[in-house]
Number of protein chains: 2
Amino acid sequence: MPKTPLLLENFLPYRISVAANRISGALSRHYAERFGIGIPEWRVIANLGRYPGLTANEVAERSAMDKVTVSRAVAALEQKKLIARRRDAGDKRKSLLTLSAKGDAVYAEIVPLALGFERELLARLTPQERQALDSAIAKLME
Amino acid sequence: MPKTPLLLENFLPYRISVAANRISGALSRHYAERFGIGIPEWRVIANLGRYPGLTANEVAERSAMDKVTVSRAVAALEQKKLIARRRDAGDKRKSLLTLSAKGDAVYAEIVPLALGFERELLARLTPQERQALDSAIAKLME
DNA sequence: TTGATTTAGTTTCAAATGTAACTATCATGT
DNA sequence: ACATGATAGTTACATTTGAAACTAAATCAA
């Protein structure tokens, strides 16, 4: 019998995991139904919208996704004509990825939606809590 | 072109998701290799260690897991002889779940490990950050 | 009672995911 | 130049996962 009882509902890793799933789930429901894209695809779009011309690997690094996940998301987005790839002339292994006109349109629509969602979340917190949450997450990531 | 740029690396839902995955991943690696159990199984054990005699549905509610996930975790744990189920006499649809002696032993070993892991995480934060993180998570969960 | 509805839990099926193996290209050392 | 090793990206396979259908038992209504 351990001295310190473990209450899952107070256990930080558990609580963060549940919170993250709820938040991601709620957000992705928004753009899944409106745009028919999942989280990995959304992340690729978000990165390419901000940094056009990234390679798949660069997207993977930036978005903390597996390169396989990115590869599949890129293939799906290409199918949907939301992104375009052109081979890097200097290194033919690489593809430089950019949003298509259609992809840009989706991006322009999703970004305000995503930011609005984030704003709603942050509105529940006091400025101190926001600040602390921010640095806490940063420290937990190390 | 949206006015407010969206930087994924500053976007709260994204950051929480990545942080949660890192933390869960690191923790589960610990007990996955030592005990051969995954996150759902661990959550079932944690609940039964603390509240013996729960039904599968009660575990599902308490642990924010799908009932299918719980059903499978319970089946796996039963196979491994870590838990025992006895039919509820009054309601034969229900099974009352408890840890076996072997399950108790695993529980007794995992709990300190889990709490130690949590302590390491929390050690990185100032008391204010801990407090704020705590209430921030609570508020985000609503 | 009997029939209809709800609840606990399992099974089935399809989609999502990660690991490992693979292909193609590039870089390096000799 | 050529062999060896690294890198970008894809494919194959096995595992995980959840939604929906299903079974069995309980509850409710007439």
Side-chain angles (χ1 to χ4, degrees), chain A residues 17-18 20-22 24-29 31-33 36-44 47-48 51 53-80 83-98, chain B residues 17-18 20-22 24-29 31-33 36-44 47-48 51 53-80 83-98:
Chain A
S17 167
V18 173
N21 284 343
R22 281 248 195 108
S24 294
L27 176 57
S28 77
R29 224 166 297 126
Y31 49 68
E33 63 190 31
I37 63 177
I39 291 179
E41 296 172 46
W42 145 246
R43 287 187 181 169
V44 171
N47 272 290
L48 295 182
Y51 304 108
L54 292 179
T55 66
N57 267 334
E58 287 164 345
V59 171
E61 278 164 32
R62 297 196 130 274
S63 60
M65 291 192 290
D66 194 280
K67 69 176 181 170
V68 176
T69 309
V70 172
S71 174
R72 283 192 272 241
V74 165
L77 289 170
E78 207 183 359
Q79 189 104 26
K80 293 171 192 161
I83 68 177
R85 63 208 307 175
R86 67 170 194 287
R87 280 200 139 202
D88 183 322
D91 183 344
K92 285 181 228 157
R93 292 168 305 177
K94 299 180 182 173
S95 289
L96 308 182
L97 306 170
T98 49
Chain B
S17 167
V18 172
N21 284 343
R22 282 248 193 108
S24 295
L27 176 56
S28 77
R29 227 167 293 126
Y31 50 67
E33 62 190 32
I37 63 176
I39 290 179
E41 296 172 46
W42 145 246
R43 285 187 182 171
V44 172
N47 272 290
L48 296 182
Y51 304 107
L54 292 178
T55 66
N57 266 335
E58 289 165 344
V59 171
E61 278 165 30
R62 298 197 129 274
S63 59
M65 290 191 291
D66 194 281
K67 67 176 181 170
V68 176
T69 309
V70 172
S71 174
R72 283 192 271 242
V74 165
L77 289 170
E78 208 183 358
Q79 189 105 26
K80 293 171 191 161
I83 69 175
R85 63 208 309 174
R86 66 170 194 288
R87 278 199 142 204
D88 183 322
D91 185 341
K92 286 183 227 153
R93 291 169 307 179
K94 298 179 181 172
S95 290
L96 308 182
L97 306 170
T98 48

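The sequence lines fix the lettering, A, B, ..., with proteins before strands; numbering per chain opens at 1.
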Which residues pass the side chain to side chain contact (heavy atoms under 4.5 Å, CB included) test with [X], sequence neighbours left out?
X: B:L54; result: B:N47, B:L48, B:Y51, B:E58, B:V59, B:R62
X: A:A64; result: B:Y14, B:V18
X: B:I39; result: B:S24, B:S28, B:Y31, B:R43
X: B:A76; result: B:E41

Requested in this report: Hey, could you give me each pair passing side chain to side chain donor-acceptor pair (under 3.5 Å) that has a residue in residues 63-74 of chain A? Not counting sequence neighbours.
Outcome: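 Counting only pairs at least two positions apart or across chains, no side chain to side chain donor-acceptor pair (under 3.5 Å) contact touches residues 63-74 of chain A.
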
Query raised in the report: Under 3.5 Å, is there a donor-acceptor pair between the side chain of A:K80 and the main chain of A:G36?
Result: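 Answer holds: yes.
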
Requested in this report: Scan A:G25 against the nucleic acid and name what it touches under 4.0 Å (heavy atoms): base, sugar-phosphate only, or nothing.
Outcome: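 Nothing, no heavy atom under 4.0 Å.
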
Query raised in the report: Nucleotide range of DNA chain D contacted by chain A, 5' to 3', under 4.0 Å to a heavy atom?
Result: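 Contact span on the strand: D:dA6 to D:dA12.
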
Collect all protein-nucleotide pairs involving nucleotides 4-8 of chain C in which both atoms are nitrogen or oxygen and the distance is under 3.5 Å.
| from | atom 1 | to | atom 2 | distance (Å) |
| --- | --- | --- | --- | --- |
| C:dT7 | O2 | B:R93 | NH1 | 2.5 |
| C:dA8 | OP2 | B:N57 | ND2 | 3.4 |
| C:dA8 | O5' | B:N57 | ND2 | 3.3 |

Query raised in the report: With B:R86, which residues qualify under side-chain hydrogen bond (donor to acceptor under 3.5 Å, both in side chains), at least two apart?
Result: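 side-chain hydrogen bond (donor to acceptor under 3.5 Å, both in side chains) list for B:R86, sorted by chain: empty.
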
Sequence neighbours excluded, which residues qualify as salt bridge (charged side-chain N to carboxylate O under 4.0 Å, His left out) partners of [X]?
X: B:R22; value: none
X: A:D91; value: A:R93
X: A:E61; value: none

Report summary line: Protein heavy-atom contacts under 4.0 Å, written 5' to 3' over nucleotides 11-18 of chain C as B (base), S (sugar-phosphate only) or - (none), form the string BB----BB

